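Report on the structure given below.
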Amino acid sequence: MSDLARFFVPGPTWVRPEILQEMTRPMIGHRTPEFRDLFHRVNANLKPLFDTNGDTFVITSSGTGVMEAALDNCVARRVLVTTCGAFSERWFNIAQSLGYEVDRLDVPWGNAIDPEELADRLESRRAHYDAVTFTHNETSTGVTNDIAELAAVVREESPDTLVLVDAVSSLAGIPVHFDAWQLDICFASVQKGLALPPGITVAAVSERAIEHAKKRPYRGTYFDFLKYKSNADDDSVPSTPSLPHFYALAKQLDDIVKVEGLDARFERHRTMRDITHERTSRYAKIAADREHASATVSALAPVKSPDEIRNAMKQRGFTLGGGYGSWKATTFRIGHMGDISIDALNAMLDVLDEVTR
Ligand SMILES: *Cc1c(COP(=O)(O)O)cnc(C)c1O
């Protein structure tokens, strides 16, 4: 790593120069042996990243497109949306825009979804849900939901309901165990924990989700998971992919899985969270429930005005994230995810320490 990162926004995140460089490689046809090799290399590493033996897709779209696709492919009529902040709310808005019957299970901002409340809701439901949506890491509040436990509740209470998980700001920073947790769709756009420029999304899709998609008469064309599946079986994608992203993703996944290693990467993220909590406690409170505080992003409620702090940091060359939605005026956010190093985080916190004195 040439220079220390100065960009601490919780998405898009700082991208290493050598990854940016990969994006300048010459074009190849996407129906060629060269692309097959690239596709194969990417998917071989996506499987350990999601911890799955099943299908993994690379979709040329930001994460929001794949949220819509997940609902389109899997939901016939009714969906339960769990919300704990702005990004989980996005599931609700998309489901409504698609004309589904949408129920919601809300917890206040800063809290995690409670498995017992979910169990009660599923037990007392009057109608069958085709799917339940979750947000693994709520980026607006810095809360990580316990997907293992929540998915187990769905499997127990409503075995044929699909579990759809937004892992945009957790994947590659916080462990995901797609097969063991029995998830049906899990996805992440690449500009957060994967530390690539924005533009594509990676996803894991279960056989059960594919079976549901087969029963949906109209799934659209661009995001049709059955087309993704039949093309993937042939080491390809349905339409022209963002090839520069494929090059960058291939190198980044090699580096994550084979050079740093997943366990070391998750450990680095937990360490960055702990350092952030400890080194900001003089001038700010962690806005989220501590027990569920995220390893990839911290929302901080400072004594001073968050805008003043961010502006002062900007003048020193450091970019921090603003507060989000109803927490906009009272918080700022530090993204400690992706390829941010512990040294870079400490160097930024040194300056934050001066600015808050
Ligand atoms: C950033 C983010 C999104 C939005 O993803 P896009 O790639 O911008 O569409 C969705 N969910 C979460 C949890 C996010 O952090």
Side-chain angles (χ1 to χ4, degrees), residues 7-15 50 57-72 81-95 97-98 106-107 109-113 132-147 150 163-176 183 185-204 222-223 241-242 245 248-249 252 269 273 287-288 292-299 319-325 327-328 331-338 340:
F7 191 73
F8 290 84
V9 173
T13 56
W14 178 73
V15 181
F50 281 103
F57 300 155
V58 179
I59 299 169
T60 300
S61 156
S62 90
T64 306
V66 178
M67 294 171 97
E68 184 160 328
L71 292 166
D72 251 341
V81 172
T82 64
T83 78
C84 57
F87 288 100
S88 39
E89 189 80 22
R90 189 169 294 187
W91 277 118
F92 180 79
N93 294 329
I94 295 171
S97 76
L98 291 168
D106 302 326
V107 293
W109 278 50
N111 289 42
I113 304 297
V132 182
T133 71
F134 296 105
T135 305
H136 188 192
N137 189 74
E138 177 51 70
T139 319
S140 60
T141 61
V143 161
T144 304
N145 285 300
D146 186 345
I147 297 297
L150 294 166
V163 175
L164 314 183
V165 178
D166 167 345
V168 172
S169 62
S170 56
L171 193 74
I174 298 168
V176 168
L183 309 184
I185 294 181
C186 182
F187 62 88
S189 33
V190 295
Q191 75 275 18
K192 311 255 170 121
L194 280 162
L196 295 182
I200 58 169
T201 295
V202 296
Y222 187 73
F223 287 117
S242 173
H245 279 98
L249 180 62
Q252 180 66 326
H269 281 81
R273 170 193 55 204
H292 297 278
S294 168
T296 58
V297 52
S298 296
T319 310
L320 306 183
Y324 212 97
W327 282 12
K328 197 170 176 50
T331 64
F332 68 99
R333 293 174 306 154
I334 296 175
H336 34 78
M337 67 174 96
I340 298 284

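Bear in mind that the values here come from a model prediction, so they are computed numbers and not experimental data. Atoms within a ligand are numbered from 1 in the order they appear, just like the ligands themselves.
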**Request:** Find all atoms of ligand 1 within a distance of less than 4.0 Å from any non-hydrogen atom belonging to Thr139, and give their numbers and elements.
**Result:** 12 (C), 13 (C), 14 (C), 15 (O)
**Prompt:** Does ligand 1 have an atom under 4.0 Å from some heavy atom of Arg90?
**Reply:** yes
**Message:** Quick test: of every protein heavy atom, which one is nearest to atom 1 (C) of ligand 1, and how far off is it to 0.1 Å?
**Reply:** Lys192 NZ, 1.5 Å
**Fill in**
The protein heavy atom nearest to atom 12 (C) of ligand 1 is Asp166 OD2, 3.4 Å
**Item:** Nearest-0.5 Å distance, NE2 of residue His136 to OG of residue Ser169
**Value:** 9.0 Å
**Request:** Just jot down the ligand 1 atoms closer than 4.0 angstrom to any heavy atom of Ser189, in number order.
**Result:** 5 (O), 6 (P), 7 (O)
**Request:** Could you establish whether Asn137 and ligand 1 come within less than 4.0 Å of each other, counting only heavy atoms on the residue side?
**Result:** yes
**Message:** So Ile147 and Phe134, do their side chains get closer than 4.5 Å, heavy atoms only?
**Reply:** yes
**Message:** Is it the case that the side chains of Ser298 and His336 hold a donor-acceptor pair, with the cut-off being a distance below 3.5 Å and no angle test?
**Reply:** yes
**Request:** State which residue, out of Asn111, Thr141, Asn145, Asp106, fulfils the side-chain contact (heavy atoms from CB on, under 4.5 Å) condition with Cys84.
**Result:** Asn145
**Request:** Mind checking whether Thr64 contacts ligand 1 via backbone (N, CA, C, O), side chain (CB onward), both or neither, at a 4.0 Å heavy-atom cut-off?
**Result:** both
**Request:** Could you check atom 8 (O) of ligand 1 against the protein and tell me its nearest heavy-atom contact, residue, atom and distance included?
**Result:** Gln191 NE2, 3.6 Å
**Prompt:** Of Thr296, Val297, Ile174, which meets side-chain contact (heavy atoms from CB on, under 4.5 Å) against Thr144?
**Reply:** Ile174
**Asked** Relative to the ring of Phe187, is the ring of Trp91 parallel (under 30°), tilted (30 to 60°) or perpendicular (over 60°)?
**Response** perpendicular
**Message:** Checking side-chain contact (heavy atoms from CB on, under 4.5 Å) between Thr133 and each of Val165, Ile185, Val163, Val81, which is the one that passes?
**Reply:** Val81
**Request:** List every atom of ligand 1 that sits less than 4.0 Å from any heavy atom of Ser62, numbering the atoms from 1 in the order shown and giving each element.
**Result:** 6 (P), 7 (O), 9 (O)
**Fill in**
Taking only non-hydrogen atoms of Gly63 and a 4.0 Å limit, the atoms of ligand 1 in range are 6 (P), 7 (O), 9 (O)
